[in-house]
K.L.:
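The structure follows.
This chain uses plain numbering: 1 for the first residue, then up along the sequence. Since we're looking at a predicted model, the values are computed, not measured.
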Amino acid sequence: MIVSHFLKTRHSFLSTTINAKLRNHLSIKYSKFMFQPSQKIREATHAGSWYIGDRKQLDAQLNDFLSKAKAETIPNIKAIIGPHAGFSYSGPTAAFAYQHLVQKEGMRVFLLGPCHHTYIKGIGLSELEIYETPLGNIELDQPTIKQLSTELKKNFVFTNKEIEEEEHSLEMHLPFIYKVFPKCKLIPIMVGATTEQQDAQVASVLVKYFVDPNTVFVISSDFCHWGKSFRYTPYNKEHGEIHQSITQLDGQAIKLIESHKLTEFYKYLEDTKNTICGRHPICVLLNIINLSKLQLKTQLAKYNQSNQVTKPNDSSVSYAALVTSLI
């Protein structure tokens, strides 16, 4: 009896131990196949808060934005600049840029945006494979990204899934991009605290992609962030109310961008300290335009503010939609 009980107990112990070891071995062996796919997808982390997370409702909202922004289409768009706030604030303005883009097969989109949460000295490239949107997924052009990583040398770092999902400046353009180019290949680029020299170096690499007829550049940027919460409250009473002074301040920047005056734009930023969060991506674009030797025209399509500030304790963020096209 005792021997029989011992043998049964020993058999049960060995069976449990072997099964546990086997489960652990299989878990380790196959975990990379189980978990790797999700690690290669940038989830739409701001859907449901910054913009609608439901596919049908979001598509209807984008249709509404684009229909209200409808105007005579500017052909041969090479680049657009658009805002990245919550859609209820900036979506209508962004639509004034996107409505000029025409659906084409085989499009490649370079999406450049600033870093709000992570400090990067140069630019950040993605090692992910898919960017998720409620409308559908966008495939990243990894062969081009790998090529960029060799060409950019010391001017880049690879970002990770957590950093990319935390940043909203790129994500807020993805639904619009999918809406216009559902089968495009995407090259997302997070532009950090670049120097003027780095802007030029990065542009010298990107310009050959810019001139490709099946490539468009999307630059993500809001304009003036005005208010005590932003620690930026310049006010020139000669221009009227505070919001009119802000309009004048942003207007100076927009005119310099329209005229592709890079040196003057750098000086404007130094002199005014205007809180244009996408100033670095914009400077990269201006460098590219000046290097491209293409005949290009940049023009303002829409300007707006989140709030018409009249009191010192108020605050607002400015939004601008600009388009760059071949002449």
Side-chain angles (χ1 to χ4, degrees), residues 51 58-85 87 89-113 133 135-136 138 169-189 206-207 209-223 250-251 253-260 276 278 281-282 284-286 288-290 292 294-305 318-327:
Y51 60 98
L58 177 59
D59 189 57
Q61 185 184 51
L62 291 175
N63 284 334
D64 182 57
F65 288 159
L66 291 166
S67 65
K68 289 179 179 177
K70 201 65 181 174
E72 184 177 351
T73 302
I74 300 172
N76 302 317
I77 300 297
K78 289 305 301 172
I80 65 171
I81 298 174
H84 53 238
F87 273 10
Y89 292 100
S90 69
T93 301
F96 277 85
Y98 279 98
Q99 69 100 10
H100 294 289
L101 298 177
V102 179
Q103 288 197 20
K104 288 171 60 178
E105 292 291 330
M107 285 299 293
R108 179 171 57 184
V109 178
F110 279 74
L111 174 59
L112 281 66
T133 86
L135 302 177
I138 303 175
S169 72
L170 301 184
E171 181 176 343
M172 299 309 295
H173 283 268
L174 299 180
F176 276 107
I177 291 172
Y178 185 89
K179 179 72 174 175
V180 179
F181 302 125
K183 295 182 180 180
C184 75
K185 294 294 183 68
L186 182 71
I187 299 93
I189 298 176
L206 296 182
V207 66
Y209 302 99
F210 180 80
V211 299
D212 177 73
N214 290 322
T215 297
V216 66
F217 274 59
V218 174
I219 308 300
S220 177
S221 182
D222 295 333
F223 277 70
D250 282 330
I254 290 167
K255 286 180 180 178
L256 293 173
I257 294 169
E258 287 179 315
S259 57
H260 307 153
I276 302 173
I282 291 172
V284 170
L285 175 64
L286 292 177
I288 292 172
I289 289 172
N290 290 332
S292 72
L294 297 175
Q295 295 297 311
L296 298 166
K297 179 180 180 180
T298 298
Q299 54 192 302
L300 178 69
K302 186 67 174 178
Y303 174 81
N304 213 335
Q305 295 169 357
S318 304
Y319 312 124
L322 295 99
V323 294
T324 299
S325 60
L326 291 169
I327 298 175

K.L.:
What do the steps show when you test F210 against L294 for side-chain contact (heavy atoms from CB on, under 4.5 Å), and what is the final call?
P.N.:
CA-CA 10 Å; F210 180 80; L294 297 175; 4.1 Å; yes
K.L.:
Roughly how far apart are E258 CD and H260 NE2, rounded to 0.5 Å?
P.N.:
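Reported to 0.5 Å precision, the distance equals 8.5 Å.
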K.L.:
Do I254 and F223 come within less than 4.5 Å of each other through their side chains, counting heavy atoms only?
P.N.:
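A side-chain contact exists here, since the closest heavy-atom pair is under 4.5 Å.
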K.L.:
Using 0.5 Å steps for rounding, measure from the CD1 atom of I177 to the CG atom of L111.
P.N.:
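With rounding to 0.5 Å, CD1 (I177) is 4.5 Å from CG (L111).
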K.L.:
Is D64 reaching over with its side chain to a backbone N or O of A60, donor-acceptor style, under 3.5 angstrom?
P.N.:
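Pair absent, no side-chain N/O of D64 close to backbone of A60.
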K.L.:
Hey, is OH on Y89 packed in by over 12 heavy atoms from elsewhere, all under 6.0 Å?
P.N.:
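Check fails, neighbour count at 12 or below.
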K.L.:
Y51 and F176: aromatic ring centres closer than 6.0 Å?
P.N.:
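Ring centroids of Y51 and F176 are no less than 6.0 Å from each other.
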K.L.:
Locate the shortest heavy-atom distance separating L296 from K78; write the atom from each residue and the value.
P.N.:
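Looking at all heavy atoms of both residues, the closest pair is CD2-CG, 4.0 Å.
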K.L.:
Please set out all donor-acceptor pairs under 3.5 angstrom arising from side-chain atoms of residues 318-327, sequence neighbours excluded.
P.N.:
| from | atom 1 | to | atom 2 | distance (Å) |
| --- | --- | --- | --- | --- |
| S318 | OG | D250 | OD2 | 2.7 |
| S318 | OG | Y303 | OH | 3.2 |
| T324 | OG1 | T298 | OG1 | 2.7 |

K.L.:
Given side-chain contact (heavy atoms from CB on, under 4.5 Å), test K179 with N63 step by step and report yes or no.
P.N.:
CA-CA 9 Å; K179 179 72 174 175; N63 284 334; 2.7 Å; yes
K.L.:
Under a 4.5 Å cut-off applied to non-hydrogen side-chain atoms, are M172 and F87 in contact?
P.N.:
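Contact flag for M172/F87 side chains = yes.
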K.L.:
Shortest non-hydrogen contact from V109 to V218?
P.N.:
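For V109 versus V218, the nearest heavy atoms are CG1-CG2, 3.9 Å.
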K.L.:
Under the side chain to side chain contact (heavy atoms under 4.5 Å, CB included) rule, collect the residues that match up with S259, sequence neighbours excluded.
P.N.:
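Here the qualifying residues are K261.
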K.L.:
Show your working on side-chain contact (heavy atoms from CB on, under 4.5 Å) between I257 and L285 and close with a plain yes or no.
P.N.:
CA-CA 10 Å; I257 294 169; L285 175 64; over 6 Å; no
K.L.:
So, taking the atom named NZ in K185 and the one named CG in N214, what distance separates them when rounded to the nearest 0.5 Å?
P.N.:
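If I round to the nearest 0.5 Å, the distance is 12.5 Å.
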K.L.:
Does the side chain of P175 reach to within under 4.5 Å of the side chain of L58, using non-hydrogen atoms?
P.N.:
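With C-beta onward as the side chain, the pair touches.
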K.L.:
Which heavy atom of G136 sits nearest to which heavy atom of T133, and what is that distance?
P.N.:
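So the two residues come closest at O-OG1, 2.6 Å.
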K.L.:
Using 0.5 Å steps for rounding, measure from the CD1 atom of I80 to the CD1 atom of I74.
P.N.:
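Interatomic distance, I80 CD1 to I74 CD1, rounded to 0.5 Å: 11.5 Å.
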K.L.:
What's the shortest heavy-atom distance between V216 and A79, and which atoms?
P.N.:
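That closest heavy-atom pairing would be CG2-N, 4.2 Å.
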K.L.:
Kindly compute the distance separating CZ (F110) from CD1 (I219), expressed to the nearest 0.5 Å.
P.N.:
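Those atoms lie 10.5 Å apart.
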K.L.:
Begin with the C-alpha distance, continue with both residues' side-chain angles, and end with the deciding distance and a verdict on side-chain contact (heavy atoms from CB on, under 4.5 Å) for L66 and Q99.
P.N.:
CA-CA 6 Å; L66 291 166; Q99 69 100 10; 4.1 Å; yes
K.L.:
Parallel, tilted or perpendicular, judged at 30° and 60°: which one describes the rings of Y98 and H173?
P.N.:
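It falls in the tilted class, 30° to 60°.
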K.L.:
Quick one: closest heavy-atom pair of L170 and G113, and the distance?
P.N.:
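Distance-wise, the nearest heavy atoms are CD2-N, 3.4 Å.
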K.L.:
Between atom CD1 of I189 and atom CG of L206, what is the distance when rounded to the nearest 0.5 Å?
P.N.:
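If we round to the nearest 0.5 Å, I189:CD1 and L206:CG are 5.0 Å apart.
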K.L.:
So which of S221, S90, S220 actually passes side-chain hydrogen bond (donor to acceptor under 3.5 Å, both in side chains) with H84?
P.N.:
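Of the listed residues S221, S90, S220, the side-chain hydrogen bond (donor to acceptor under 3.5 Å, both in side chains) partner of H84 is S220.
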K.L.:
Without swapping roles, check the side chain of K104 against the backbone of F181 for a donor-acceptor pair under 3.5 Å.
P.N.:
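Judged by distance alone, no pair lies under 3.5 Å.
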K.L.:
Would you call L62 and L135 a side-chain contact if the rule is heavy atoms closer than 4.5 Å?
P.N.:
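Yes; the side chains approach each other to less than 4.5 Å.
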